[in-house]
Amino acid sequence: MVTDSARSTHTTITRLRVGDLQAGDQRLPINVHILDHPDARILVDTGLTQLHPAVEDMDPRIQPLNELPGFDPDSIDIVVNTHLHFDHVGGNHLFPGRPIYVQRAEYIEAHAGEYTILDWVDAPGVTYTLVDGELELLPGRLIRAAGHSAGSQIVVVETGHRPAVLCGDSAVFYGELDQPATEAQHLIRSLDPSEVWLSHQDAPWRPAVPARG
């Protein structure tokens, strides 16, 4: 298990690396994130827990959440899916009966065609809470951030000063936040975050510090 963590005023963000996959000519990590707040433990995305023929061309190598030393699925109170692509929902079945927050637009799109692995999205016991746009959710906010998909959402963690953002795949590479191009990337930058945690990078993006003249 590979983890990193950062602490805001009330919340600890912990990164768990749950595998990697081939994307073009490079391998990208697959990360999920835990938000530990005094009142709740929130898991953002669930990675992969098994392989599937539909995505064998991406050669996923997995470290399932339920097999990571020290991780207890029963410790999670709430799950957030930033979107419903296969590498973000493969562990949803580990959390039966617990609310899984996803944008309504994302849920509709996922069920409209060959978008994801629906057996994983609709696994037995999975219960979705559908969000329309923005929702206050301890310890922060869910905000729809169209770009990677029409219903992608980000998690904004309030710190008392500048927020931290968990962006899913709204940005896959750091350069996409350095020079934002999509609606979602511009939204993230407009929040003036202190750091942005990406699903496919092992360290958060942080804004460049202006040189002192």
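Only a predicted model underlies this, so the values are computations on that prediction, with no experimental measurement involved. Only heavy atoms go into these numbers, but all of them, side chains included; no hydrogens, no water, no symmetry mates.
Under the salt bridge (charged side-chain N to carboxylate O under 4.0 Å, His left out) criterion, Arg61 pairs with Asp59, not counting sequence neighbours.
Dense packing is recorded around CD of Gln26, with more than 12 heavy atoms of other residues, nucleotides or ligands lying under 6.0 Å away.
Between the side chain of His33 and the backbone N or O of Ile13, no donor-acceptor pair lies under 3.5 Å. Glu176 places a side-chain N or O within donor-acceptor distance of the main-chain N or O of Val172, the cut-off being under 3.5 Å. Here the side chain of Thr116 pairs a donor or acceptor atom with the backbone of Leu84 at under 3.5 angstrom. Using modelled atom types, one side-chain atom of Thr46 and one backbone atom of Gly91 make a donor-acceptor pair closer than 3.5 Å. With Thr12 contributing its side chain and Asp36 its backbone, the two residues share no donor-acceptor pair below 3.5 Å. Between the side chain of Tyr101 and the backbone N or O of Leu137 there is no donor-acceptor pair closer than 3.5 Å. For the pair Gln201 (side chain) and Leu198 (backbone), a donor-acceptor distance under 3.5 Å is absent. The backbone N or O of Leu68 sits nowhere less than 3.5 Å from a side-chain atom of Gln63 that would complete a donor-acceptor pair. Judged by distance alone, with hydrogens and angles left aside, the side-chain atoms of Asp45 form a donor-acceptor pair with the main-chain N or O of Thr82 at under 3.5 Å.
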Next item on the list: Apply side chain to side chain contact (heavy atoms under 4.5 Å, CB included) to the pair Phe173 and Leu28, showing each step before the final yes or no.
Entry: CA-CA 10 Å; Phe173 303 102; Leu28 296 178; 3.9 Å; yes
Check: Given the rule in the side-chain hydrogen bond (donor to acceptor under 3.5 Å, both in side chains) test, do Arg144 and Gln103 qualify, once you have shown the distances and angles that lead to the verdict?
Finding: CA-CA 7 Å; Arg144 182 175 173 181; Gln103 288 287 325; 4.9 Å; no
Notebook entry, point to check: Between Tyr115 and His85, is a ring-ring contact (aromatic ring centres under 6.0 Å, His included) present by the stated rule, with each step listed?
Noted result: CA-CA 7 Å; Tyr115 176 85; His85 285 167; 4.7 Å; yes
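The aromatic rings of His83 and His148 stand perpendicular to each other, their planes meeting at an angle above 60°, with 30° marking the opposite boundary.
A donor-acceptor contact under 3.5 angstrom links the side chains of Glu106 and Ser149, judged on distance only. If you check the side chains of Asn31 and Arg17, you find no donor sitting under 3.5 Å from an acceptor. With no hydrogens or angles considered, a side-chain donor-acceptor pair links His200 and Asp169 at under 3.5 Å.
A salt bridge is absent between Arg98 and Asp77: the closest approach of a Lys/Arg side-chain nitrogen to an acidic carboxylate oxygen does not fall below 4.0 angstrom.
Sorted by first and then second residue, the salt bridge (Lys or Arg N to Asp or Glu O under 4.0 Å) pairs with a member in residues 118-139 read Arg104-Asp132, Glu134-Arg141; sequence neighbours excluded. Here salt bridge (Lys or Arg N to Asp or Glu O under 4.0 Å) pairs that include residues 183-193, with residues two or more places apart or in two chains, are Arg162-Asp192.
For the side chain to side chain contact (heavy atoms under 4.5 Å, CB included) with Leu48, the lone residue among Val89, Ile30, Val32 that qualifies is Ile30.
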